[in-house]
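By convention in this document, chain letters (A, B, ...) are assigned in the order of the sequence lines, proteins followed by strands, and residues within each chain are numbered from 1.
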2 protein chains.
Amino acid sequence: MTARELIVLGTASQAPTRHRHHNSYALRWDDQLLLFDPGEGTQRQCILAGVVIARATAVCVTHFHGDHCLGLPGVIQRRALDNRATSVSLGPLPILYPGEGEAYFDRLRTASVFHDTSDVLPHPLDEDGPALELGPTARLSARRLDHRIPTFGYRVDEPDGIQLDRAALEERGITGPDVGRLIADGRLLTERGMVELEEVSGPRPGQSMAFVMDTGPCRGAEELADGVDLLVCESTFLDHEAELAARYRHLTARQAATLARDAGARRLVLTHFSARHRDASVFGEEARAIHDDVVVADDLLTVPVPTRR
Amino acid sequence: MTARELIVLGTASQAPTRHRHHNSYALRWDDQLLLFDPGEGTQRQCILAGVVIARATAVCVTHFHGDHCLGLPGVIQRRALDNRATSVSLGPLPILYPGEGEAYFDRLRTASVFHDTSDVLPHPLDEDGPALELGPTARLSARRLDHRIPTFGYRVDEPDGIQLDRAALEERGITGPDVGRLIADGRLLTERGMVELEEVSGPRPGQSMAFVMDTGPCRGAEELADGVDLLVCESTFLDHEAELAARYRHLTARQAATLARDAGARRLVLTHFSARHRDASVFGEEARAIHDDVVVADDLLTVPVPTRR
């Protein structure tokens, strides 16, 4: 199986700090490479992280606050450069964003003078639901979140599949190309009689990942996080700042962990930390009281999607 | 005397590299703090370099290619944040740029959603000449350069002053507050008769600095560089790439050094290096064959303006 992992490019909210770049994330998911919320500096952080923008298959912008989108012009212009440098076109790059922010998307797309061969495919969102089928193992959907401006969170789902039972296959003498025929046709006539696919396989639930920021606690966040293997979630504040979090429509680490626990999300990645907390380990401590698999994001950290259940 | 120095924030042309941020510079000049060509990531580089955006007194954009301006939204939004965080207003921030690029300036200024308390003072340029008087020791002027899109280079001049001759003052018994009176009135009646300021002083040429990028060799570059103490100059290419340089309207290190030598510029800072040359020392080697005081810029390097002649 190919890698499924989150690559953290930046983790600061609002403004960068000495130790944290603006918010930015990449997700490797089989042959897909998604960029989420490219904050300022994403272009360079990609280089440092070994993420090749030319290979990106989609960009997902949650909302148009600067820390979530000011790196978009750099991503688009880099794509244009790479498209001219290669002999074959890279193909169109879908960019998903809240439709109400169309004007901001247009400005970012044309923020400076360049030869636009980026082949960007604008994908404004206006409602909850399926958003884009990226490939056989990556279906992208979106839900509205509860922030101060229109905001969508994202979710990547691998469709449910089947898991073959090797012992059951062997018992029935099914080997080699016959296995492929059985999968393709759903049944196979063997010397010992007809074998139905269900007899020699069980269900294999697809893996999933959700990206939730910026938001107060809301139904959309719960739907995105529902049963995911990896939940990347903002936790701008700590519990003792819950009033601030409510006022600015953000989450505390406690709220993020509660969301993960109640939704049955397996691994929680906390990020988008307020600069007032220089040592982000406090976010992890607060969350681990509620959820057991918590990763505190740091610039250039790679977080694997947990292995299949 | 307070510091006059260039702080290099980034040195890459076109796209950043593993070792070089996008183009970006700050100039400390007495009580002035100028930002030149804020490329993507300027906001964070300022933090690493100890440059406080809230203290900036002007921003000069040569042209609207991305590597020279994509950090502008971050600078403006950071300014807005700081303006709200302080009890007194920081005062307006003039931003100079080629008037033909007004549409790009507007997009960068409103690239994402923020509470705009930045107090930006747009200062579009449409002709050569004096541009802005920043303070008693910093007059900003601009000249058109020869690039593929409208581009202005900049120059900071301290007006010429006088240098008092301590020995001549002492000889005439002029001390204490009388020195101030002599300077203010241009003459002073002493017990030994009238003393004219010229008798006890000589001229003191003002210091100057020029910022030249991106351009092919041209009259504007020569006028900007004329006799400056510090010349910050693009040298995207090397001599053997002179054809590339001519095609894209850029300078080679040899051309930058020739410009500095012919204009009588004292210290030359080379920057804006093409990513094809990973070791930038080759630019310095080429330039030093022509000019003796050459600095090869590197991210976060500080270059003092040479002491007064």
_Closest-packed option against chain A by number of heavy-atom pairs under 4.5 Å, given L108(B), L70(B), D67(B), T42(B)_ = L70(B)

*When the ring centroid of F105(A) is compared with that of Y97(A), is the distance short of 6.0 Å?*
yes

*Checking L48(A) against chain B: side chain, backbone, both or neither under 4.5 Å from a heavy atom?*
both

*asked:* Less than 4.0 angstrom from a charged side-chain N to a carboxylate O is my criterion; do R144(A) and E127(A) meet it?
replied: no

*R55(B), CZ: over 12 other non-hydrogen atoms inside 6.0 angstrom*: no

*Which atoms of H115(B) come close to chain A, meaning under 4.5 Å heavy atom to heavy atom: side chain ones, backbone ones, both, or neither?*
neither

*What pairs with H63(B) under ring-ring contact (aromatic ring centres under 6.0 Å, His included), at least two apart in sequence or on another chain?*
H65(B), H68(B), H147(B)

*Which bit of R18(A) comes within less than 4.5 Å of chain B, counting heavy atoms only: side chain, backbone, both or neither?*
both

*Between Q45(A), H21(A), Q77(A), which has the largest tally of heavy atom pairs under 4.5 Å with chain B?*
H21(A)

*asked:* Below 30° counts as parallel, above 60° as perpendicular, anything between as tilted: where do the rings of Y104(B) and F64(B) land?
replied: parallel

*Residue part contacting chain A, namely of R20(B), when any heavy atom lies under 4.5 Å*: backbone

*asked:* Quick check on T110(B) against chain A: is it the side chain, the backbone, both or neither that has a heavy atom closer than 4.5 Å?
replied: both

_One thing to verify: whether D146(A) and R249(A) come together as a salt bridge, which I'm taking to mean a side-chain N less than 4.0 angstrom from a carboxylate O._
yes

_If we define contacts as heavy-atom pairs under 4.5 Å, which of E40(B), R107(B), R44(B) has the most with chain A?_
R44(B)

